[in-house]
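To start, the structure itself, in structure tokens.
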Amino acid sequence: MNDTPPEQIADALLAWFDRHGRRDLPWQHPRTAYRVWIAEIMLQQTQVTTVVDYFNRFMVRFPDVETLAEAVSDDVMRHWAGLGYYARARNLHAAAQRIVEAHAGELPGDVETLISLPGVGRSTAGAIVAQAFGRWAPILDGNAKRVIARLAAVTATPGTAAYEKPLWQLAERYTPQERVTDYTQAIMDLGATVCTRGRPHCERCPLADRCLAKQAAIQNQLPTRRQRKRREQRETTVLLIEDAQGRILLEKRPPAGIWGGLWSLPEVAADADVEALCTQRYGIRADAGLLLTPLSHTFTHFELTIHPRRMQHRDTVRIMDANHRWFTRDDRPGIPAPIARLLNTPQQSLAL
DNA sequence: GAGACGTGGTA
DNA sequence: TTACCAAGTCT
């Protein structure tokens, strides 16, 4: 246990923040509860530089909670496409509707009520309370975890209770009553810019003198690594079907599972009789399909090899399935990033 | 408690 | 090339 008085930690962090903290992030100007909420959801497992453009586009289209609540799902998903973790967007939309219906369109200002919203956990709730409402609440994002784990030399394995529990305790202990907004921003900024994962810049750290990990020269080893797991290999076949007007047939994916709620190219079993299937489901007479260059995409838990087949047809189109629609290349719904790359690639360079 | 859930950057 | 990871939450 680090026996440095917690107020000294907070003071050192705040003094550092006044000189080096980030004060120009889009969701800080203006710092409304709605904007902070959207930003915190986007920032889950996602770096600031990735989020900024998405956040700005999202705010133009959905400037307030009512606009978001009233939007159709496809529109919300379209603005999230490419950001990943699409359950966040589905939860965000559902939460907006609940905020309008159950909270008179005002974001709750306490941790307990915030956590009851879909997509808001303990860490995000704390961030919203501290950053949007300026009220006392501990936060514990990946940055704060790393800073505190080193400061107090917490050597337990990330993801276990033996790691999470003491970290939350310490987060509460260090969070000051005054300047909570700045303090929470400060500990995240320190983690992002100084107390970085690979080689922390201890020479620039205001807490270096009080850091137990540095004293034990184990700052590079903390937080400890999780044991890696083998990545599964998967294969899938998708159909790239264009109609006479140059429109593309897309398929809405089910809400659960990978790319849930997004639109993608129709997926078929590797051994499917594609000609029969196209006739049945889309009313298209198609040939066996031209095999295109396979495309590999690495997910966290598996590697997916996509085998695109370009189908040709001349017949009148009649889709029998509500989950399939034609879209132009310029006016598409939200589609996954690898599929977007596939559609953006010139066809000549795709053919095998 | 462990696994699912995306993407782009970095070493 | 491969592995790991970033402002986590849900099941």
Side-chain angles (χ1 to χ4, degrees), chain A residues 22 25-28 35-55 77 80-92 94-95 114-128 130-132 137-147 156-165 167-168 171 184-193 195-199 220 223-234 253-262 264 296-304 334-341:
Chain A
R22 291 181 288 192
L25 299 171
W27 41 93
Q28 297 173 330
R35 290 165 63 87
V36 169
W37 168 49
I38 303 296
E40 289 302 330
I41 300 298
M42 286 187 173
L43 286 163
Q44 290 170 2
Q45 299 288 285
T46 311
Q47 299 196 343
V48 169
T49 52
T50 304
V51 165
V52 168
D53 288 344
Y54 280 89
F55 177 83
M77 299 309 291
W80 208 274
L83 244 196
Y85 285 137
Y86 301 101
R88 295 184 294 176
R90 301 193 300 269
N91 287 332
L92 196 70
L114 282 167
I115 285 181
S116 74
L117 296 172
V120 179
R122 190 174 176 184
S123 183
T124 300
I128 294 171
Q131 302 241 331
I139 60 142
L140 196 59
D141 69 316
N143 290 312
K145 277 182 182 172
R146 193 168 50 251
V147 171
T157 308
T160 65
Y163 182 73
E164 304 291 328
K165 206 172 164 185
L167 283 187
W168 272 108
T184 52
Q185 187 64 50
I187 196 164
M188 290 190 287
D189 288 353
L190 188 75
T193 63
C195 195
T196 50
R197 197 180 189 305
R199 242 171 42 81
N220 292 327
T224 53
R225 301 235 175 178
R226 292 185 221 161
Q227 49 186 337
R228 54 170 176 264
K229 30 196 178 274
R230 197 164 303 276
R231 209 173 358 246
E232 178 194 349
Q233 301 285 325
R234 294 187 200 173
R253 299 183 62 91
I258 197 79
W259 296 339
L262 291 190
S264 184
S296 275
H297 187 74
T298 303
F299 294 89
T300 310
H301 296 287
F302 61 95
E303 177 161 348
L304 182 66
I335 56 179
I339 300 297
R341 278 195 292 275

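Numbers restart at 1 for each chain; the letters A, B, ... are given by sequence-line order, proteins then strands.
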Check your understanding: Just checking Ala161(A): base, sugar-phosphate only, or nothing, at a heavy-atom cut-off of under 4.0 Å?
Key -> sugar-phosphate
Review point. If only atom types and distance count, is the side chain of Gln44(A) paired as donor or acceptor with the main-chain N or O of Thr124(A) below 3.5 Å?
Key: no
Review point. Side-chain donor-acceptor pair under 3.5 Å between Asn143(A) and Arg146(A), yes or no?
Key: yes
Check your understanding: Does Thr46(A) make a side-chain donor-acceptor contact with the base of dG6(B), cut-off 3.5 Å?
Key -> yes
Check your understanding: Would you say the ring centroid of Trp168(A) lies under 6.0 angstrom from that of Tyr163(A)?
Key -> no
**Study point:** Integer-rounded Å distance: dT9(C) C1' and Ile139(A) CD1
**Key:** 16 Å
Check your understanding: Would you say the base of dA7(C) and the side-chain of Arg146(A) have a donor-acceptor pair closer than 3.5 Å?
Key -> no
Practice item. Could you tell me whether the side chain of Thr300(A) has a donor or acceptor atom within less than 3.5 Å of a complementary atom in the base of dG6(B)? Key: yes
Check your understanding: Arg199(A) near the nucleic acid: base, sugar-phosphate alone, or nothing, with a heavy-atom cut-off under 4.0 Å?
Key -> nothing
Check your understanding: Quick one: is Trp80(A) getting a side-chain N or O under 4.0 Å of the dG6(B) phosphate, OP1 or OP2?
Key -> no
Check your understanding: Which part of the nucleic acid, if any, lies within contact of Val51(A), taking any heavy atom under 4.0 Å across all strands shown: a base, the sugar-phosphate backbone alone, or nothing?
Key -> nothing
Check your understanding: Just to confirm, is there a sub-4.0 Å distance from OP1 or OP2 of dT7(B) to any side-chain nitrogen or oxygen of Tyr86(A)?
Key -> yes
Review point. Looking for any heavy atom pair under 4.0 Å, which part of the strands does Trp27(A) touch: base, sugar-phosphate only, or nothing?
Key: base
Check your understanding: Contact class for Gln185(A) vs. all strands (heavy atom < 4.0 Å): base, sugar-phosphate, or nothing?
Key -> base
Practice item. Establish, from distance only, whether the side-chain atoms of Thr46(A) and Arg88(A) form a donor-acceptor pair under 3.5 Å. Key: yes
Practice item. Choose from dC5(B), dA7(C), dG6(B) the nucleotide whose nearest atom is closest to any side-chain atom of Phe302(A). Key: dC5(B)
Check your understanding: Can you tell me if the side-chain N/O atoms of Gln44(A) get under 4.0 Å from OP1 or OP2 in dG8(C)?
Key -> no
Practice item. Would you classify Gly257(A) as touching base, sugar-phosphate or nothing, given that sugar-phosphate means primed atoms plus P, OP1 and OP2, and contacts are heavy atoms under 4.0 Å? Key: sugar-phosphate
Point to revise | Any side-chain heavy-atom pair of Phe55(A) and Arg35(A) under 4.5 Å | key: yes
Review point. How is Arg90(A) classified with respect to the nucleic acid when contacts are heavy atoms under 4.0 Å: base, sugar-phosphate, or nothing?
Key: nothing
Review point. What is the nucleic acid contact for Ala337(A), judged by heavy atoms within less than 4.0 Å: base, sugar-phosphate only, or nothing?
Key: sugar-phosphate
Practice item. Look at His301(A) and dA4(B) and indicate whether a side-chain polar atom (N or O) is within less than 4.0 Å of OP1 or OP2. Key: yes
Exercise for review: Determine the Euclidean distance between corresponding P atoms of dG9(B) and dT9(C); express it in Å to zero decimal places.
Suggested key: 24 Å
**Study point:** Inter-nucleotide P distance (dG3(B), dC4(C)), Å rounded
**Key:** 14 Å
Review point. Going by heavy atoms in the side chains, are Phe302(A) and Leu304(A) under 4.5 Å from each other?
Key: yes
Revision key, fill the gap. By nearest-heavy-atom nucleotide on DNA chain C, the more 5' of Gln28(A) and Val120(A) is Gln28(A)
Review point. Hey, does Leu25(A) reach any base, or is it just sugar-phosphate, or nothing, if we go heavy atoms under 4.0 Å?
Key: base
Review point. With a non-hydrogen cut-off below 4.0 angstrom, is Leu83(A) in contact with a base, only sugar-phosphate, or nothing?
Key: base
Review point. C1' atom, dG1(B) versus dT11(C): distance in rounded Å?
Key: 11 Å
Practice item. Taking only the side-chain nitrogens and oxygens of Arg231(A), find out if one of them lies under 4.0 Å from OP1 or OP2 of dA3(C). Key: yes
Practice item. Would you indicate what Thr298(A) reaches in the nucleic acid, counting non-hydrogen atoms under 4.0 angstrom: base, sugar-phosphate, or nothing? Key: base
Exercise for review: Would you indicate what Gly82(A) reaches in the nucleic acid, counting non-hydrogen atoms under 4.0 angstrom: base, sugar-phosphate, or nothing?
Suggested key: sugar-phosphate
